[in-house]
Amino acid sequence: MTVKYTPDHEWIQLEDHEAAVVGITLHAQDALGDVVFVELPEVGRTYAKGEVAGVVESVKAAADVYMPLDGEVTEVNEALRVDPSLANSDPLGNGWFFKVLIKDMGQFDPLMDEPAYQKFVKDNA
């Protein structure tokens, strides 16, 4: 499965040709600290790339979660709403935020792969 990363510290993993899962990266959850609340996007709503699609709040800060590409939210992680700490304990797995139906696959390819994202984090530390 292909995973890409944004400069805003979201990850997006393709599930099939046009469906993907979105969450926050290990770096993002490290920077935030203990997550205590998440605001998830509205299922069925279409968001533009870069639009705020949710919020994650920790004991230290609040941060927006941005839509990594144009798409329609098809599902949100209700378990995350009940237990926001999943964003810390398993950000790349059970701590996913939402699923999206991608409108323009051409927006996926330019996103960073794992080595490029790690370099980005290091260069911007």
Is there a path from Phe97 to Tyr117 through hydrophobic residues (I, L, V, M, F, W, Y) whose side chains come within less than 4.5 Å of each other?
no
Just verifying a value: how many Å separate Met112 CE and Tyr5 OH, rounded to the nearest 0.5 Å?
10.0 Å
Find the distance between CG (Leu101) and CG (Asp70) and round it off to the nearest 0.5 Å.
11.5 Å
Side chain to side chain contact (heavy atoms under 4.5 Å, CB included), that's the test. Do Lys103 and Thr46 meet it? Break it down for me.
CA-CA 9 Å; Lys103 297 288 185 198; Thr46 298; 4.2 Å; yes
Decide yes or no on side chain to side chain contact (heavy atoms under 4.5 Å, CB included) for Lys49 and Gln107, but give the supporting numbers first.
CA-CA 8 Å; Lys49 178 180 179 178; Gln107 293 179 333; 4.1 Å; yes
So which atom in Asp109 and which in Lys4 form the shortest heavy-atom distance, rounded to 0.1 Å?
O-NZ, 2.9 Å
Using the rule that Ile, Leu, Val, Met, Phe, Trp and Tyr join whenever any side-chain heavy atoms are under 4.5 Å apart, tell me whether Phe98 and Leu14 fall into a single cluster.
yes
Would a distance-only check, ignoring hydrogens and angles, find a side-chain to backbone donor-acceptor pair under 3.5 Å from Asp16 to Glu18?
yes
Sub-4.5 Å side-chain heavy-atom contact between Val35 and Glu57:
no
Going by the angle between their ring planes, with limits at 30° and 60°, are His27 and His9 parallel, tilted or perpendicular?
tilted
Quick one, Arg45 with Glu51, criterion salt bridge (charged side-chain N to carboxylate O under 4.0 Å, His left out). Give me CA distance, side-chain angles, the key distance, then yes/no.
CA-CA 12 Å; Arg45 180 165 168 210; Glu51 190 175 351; 2.5 Å; yes
Given Leu92 and Leu26, is the side chain to side chain contact (heavy atoms under 4.5 Å, CB included) satisfied, shown in steps?
CA-CA 7 Å; Leu92 305 178; Leu26 286 168; 4.0 Å; yes
Gap between atom CD of Glu15 and atom CD of Gln13 - 0.5 Å precision:
7.0 Å
Just how far is it from atom CH2 of Trp11 to atom OG1 of Thr6, taken to the nearest 0.5 Å?
12.0 Å
Among the clusters formed by ILVMFWY side chains lying less than 4.5 Å apart, do Val3 and Ile102 turn up in the same one?
no
Separation of Ile24 CD1 from Glu10 CD (nearest 0.5 Å)
8.5 Å
Counting C-beta onward and ignoring hydrogens, is there a side-chain heavy-atom pair between Phe108 and Thr2 closer than 4.5 Å?
yes
Please tell me whether Met67 and Val43 are part of a single hydrophobic cluster in this structure, the criterion being side-chain heavy atoms less than 4.5 Å apart.
yes
Is there a donor-acceptor pair closer than 3.5 Å between any side-chain N or O of Asp104 and the backbone N or O of Gly106?
yes
Are the side chain of Asn94 and the backbone of Asp90 linked by a donor-acceptor contact shorter than 3.5 Å?
no
Using the rule that two of Ile, Leu, Val, Met, Phe, Trp, Tyr join whenever any of their side-chain heavy atoms come within less than 4.5 Å, decide whether Ile12 and Trp96 are in one cluster.
no
Give the C-alpha distance, both sets of side-chain angles, the deciding distance and a yes or no for side chain to side chain contact (heavy atoms under 4.5 Å, CB included) between Leu32 and Lys60.
CA-CA 6 Å; Leu32 284 166; Lys60 296 196 299 192; 5.9 Å; no
Considering only NZ, NE, NH1 and NH2 on the basic side and carboxylate oxygens on the acidic side, decide whether Glu114 and Lys119 come within less than 4.0 Å.
no
Where do Pro41 and Ala53 come nearest, in terms of heavy atoms and distance?
CB-O, 2.9 Å
Between Leu80, Val82, Val55, which is the residue that forms a side chain to side chain contact (heavy atoms under 4.5 Å, CB included) with Val38?
Leu80
Please tell me if the side chains of Val36 and Val59 come closer than 4.5 Å, counting only heavy atoms from C-beta onward.
yes
Could you give the distance from CG (Asn77) to CG (Leu86), rounded to the nearest 0.5 Å?
7.0 Å
On a heavy-atom basis, which atom in Val22 and which in Pro68 lie closest, and how many Å separate them?
CG2-CG, 3.9 Å
